[in-house]
Protein chains: 2
Amino acid sequence: MLTDEYRYKILKELQQDPDLSQRELAKRLGISLGKANFCLKALIEKGSIKADNFKNSANKTGYLYLLTPKGIEEKVTLTQRFLQRKIAEYEALEQEIEQLRREVKA
Amino acid sequence: MLTDEYRYKILKELQQDPDLSQRELAKRLGISLGKANFCLKALIEKGSIKADNFKNSANKTGYLYLLTPKGIEEKVTLTQRFLQRKIAEYEALEQEIEQLRREVKA
DNA sequence: TTATCATCGTTCACCAATTGAACATGGTCA
DNA sequence: TGACCATGTTCAATTGGTGAACGATGATAA
């Protein structure tokens, strides 16, 4: 399934590196090839990414996965949402660590 | 499957509250009854917990899940390891947040 | 006592998510 | 041309998790 986390990560990776095989993408995200393929297709389906056959990069086979305007906008939104979530996690983690420290002492 | 996280959490919950049904334990950990049962059995199998029939608590049915000496020791180790991991996560999160902030600015 | 009820631990058929081997396609090079 | 390699696609198989259902046991009421 395509969570916000993977949506964000895929958009981020492809924005900075559009010529990226699904295998390499999968490796970077720590997921399987099948899942990478599934998520990527979902993003293409929703119009966030366009798979371009025109290859002017070193790798002539495969696609160029380009973010559409909608995809770029989506990535901004996701980044902000992600930042908020991470800040919340950060604070929760602070509490948890303090609790663990108390536990270790006892 | 029984991860360090659940091992730690189960030992923690049962140490402070040995008369705890598997259903209640599952609820506290946010997992299903089946998984709680599986994890608990694994801990009993490995000798970290002993299921005691002698019930002197309010709830006369079910078991008392008592930590064995080995279980107590294991919990200490797990707590320390957990603390270290959480500190690492905390610092990683700090970096990630900073990165996200930069990204939002651009 | 007997019947009923509630709660417990246990089981396991079912579902969803993930995996990666296998395949088809197309570009590259000798 | 033919052999080769990297790519995207597919899908059977595995894994992990779920919670309804079941049998057992103690509490309660008749």
Side-chain angles (χ1 to χ4, degrees), chain A residues 1-68 71 78, chain B residues 1-68 71 78:
Chain A
M1 76 163 310
L2 177 51
T3 61
D4 271 6
E5 180 181 358
Y6 288 117
R7 236 206 302 273
Y8 164 71
K9 287 182 178 174
I10 291 174
L11 290 177
K12 180 184 172 187
E13 290 293 338
L14 292 182
Q15 189 174 46
Q16 78 173 52
D17 200 353
D19 63 342
L20 202 58
S21 71
Q22 295 186 6
R23 282 173 177 78
E24 178 60 24
L25 180 64
K27 194 185 298 177
R28 291 196 190 180
L29 301 198
I31 59 181
S32 70
L33 174 59
K35 184 172 179 177
N37 178 268
F38 176 83
C39 292
L40 198 49
K41 277 188 171 175
L43 283 170
I44 291 170
E45 181 68 25
K46 293 186 178 178
S48 304
I49 292 176
K50 183 171 178 299
D52 196 332
N53 271 50
F54 184 75
K55 304 135 208 139
N56 51 3
S57 74
N59 186 7
K60 295 298 184 199
T61 184
Y63 294 102
L64 232 55
Y65 298 107
L66 300 169
L67 269 62
T68 63
L78 282 173
Chain B
M1 76 162 309
L2 178 51
T3 61
D4 269 8
E5 179 181 358
Y6 288 118
R7 236 206 302 274
Y8 163 72
K9 287 183 178 176
I10 291 174
L11 290 178
K12 181 184 171 188
E13 289 293 338
L14 292 182
Q15 189 175 45
Q16 77 174 54
D17 201 353
D19 61 342
L20 204 56
S21 71
Q22 295 187 6
R23 282 173 177 79
E24 178 60 25
L25 180 65
K27 194 185 297 177
R28 290 195 189 179
L29 302 197
I31 59 181
S32 71
L33 174 59
K35 184 171 179 179
N37 179 267
F38 177 82
C39 293
L40 198 48
K41 275 188 173 175
L43 284 169
I44 291 171
E45 181 68 25
K46 292 186 178 176
S48 304
I49 292 175
K50 182 173 180 298
D52 196 332
N53 271 49
F54 184 76
K55 303 132 206 141
N56 52 3
S57 74
N59 187 7
K60 296 297 182 198
T61 185
Y63 293 103
L64 232 56
Y65 298 107
L66 299 169
L67 269 63
T68 64
L78 281 172

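Note on naming: letters A, B, ... go to the chains in the order of the sequence lines (proteins, then strands), and numbering restarts at 1 for each one. In what follows, every heavy atom counts, from backbone to side chain, and hydrogens, waters and symmetry copies are set aside.
Classification of A/Lys41 and A/Glu45 as a salt-bridged pair fails, no side-chain N sitting under 4.0 Å from a carboxylate O.
Remark: B/Gln22 is not in phosphate contact with C/dC8, judged by side-chain N or O atoms under 4.0 Å from OP1 or OP2. Listed pair B/Lys41 / C/dT11 meets the phosphate criterion, a side-chain N or O lying under 4.0 Å from OP1 or OP2. For A/Asn37, no side-chain nitrogen or oxygen approaches OP1 or OP2 of D/dG8 to under 4.0 Å. Between A/Thr61 and D/dT7, a side-chain N or O to OP1/OP2 separation shorter than 4.0 Å is absent.
Rounded to an integer number of Å, the gap from NZ of A/Lys27 to P of C/dT19 is 15 Å. Residue A/Arg23 contributes atom CZ, which lies 7 Å from atom C1' of D/dA6 at whole-angstrom precision. A/Asn53 has its CG atom 20 Å from the P atom of D/dA6, to the nearest Å. Taking atom CG of A/Leu25 as the reference point, atom P of C/dG20 lies 15 Å away to the nearest angstrom. Between B/Ile31 atom CD1 and C/dG9 atom P the separation is 13 Å, expressed in whole Å. Separating the CG atom of B/Asp19 from the P atom of C/dT7 is a distance of 15 Å, rounded to the nearest angstrom. Taking atom CG on B/Leu33 and atom P on C/dT7, their separation rounds to 15 Å, with Å as the unit. Note: CG (B/Leu20) to C1' (C/dT7) measures 14 Å, nearest angstrom.
For the side-chain contact (heavy atoms from CB on, under 4.5 Å) with A/Ile49, the qualifying choice from A/Thr68, A/Leu66, A/Leu11 is A/Leu11, the only one to do so.
The two atoms that bring A/Asp17 and A/Leu20 nearest to each other are O-CB, 3.3 Å, heavy atoms only. In terms of heavy-atom proximity, A/Arg28 sits nearest to A/Glu13 at NH1-OE1, 2.9 Å.
Side-chain polar atoms of A/Gln22 and A/Tyr65 form a donor-acceptor pair below 3.5 angstrom.
The B/Ser32 side chain lies nearest to D/dT18 when the options are C/dA21, C/dT18, D/dT18. Minimum atom distance to the side chain of B/Lys35 is reached by D/dG17, of the listed C/dT18, D/dG17, D/dG8. Comparing D/dG19, D/dG8, C/dA17 by their closest approach to the side chain of A/Met1 singles out C/dA17.
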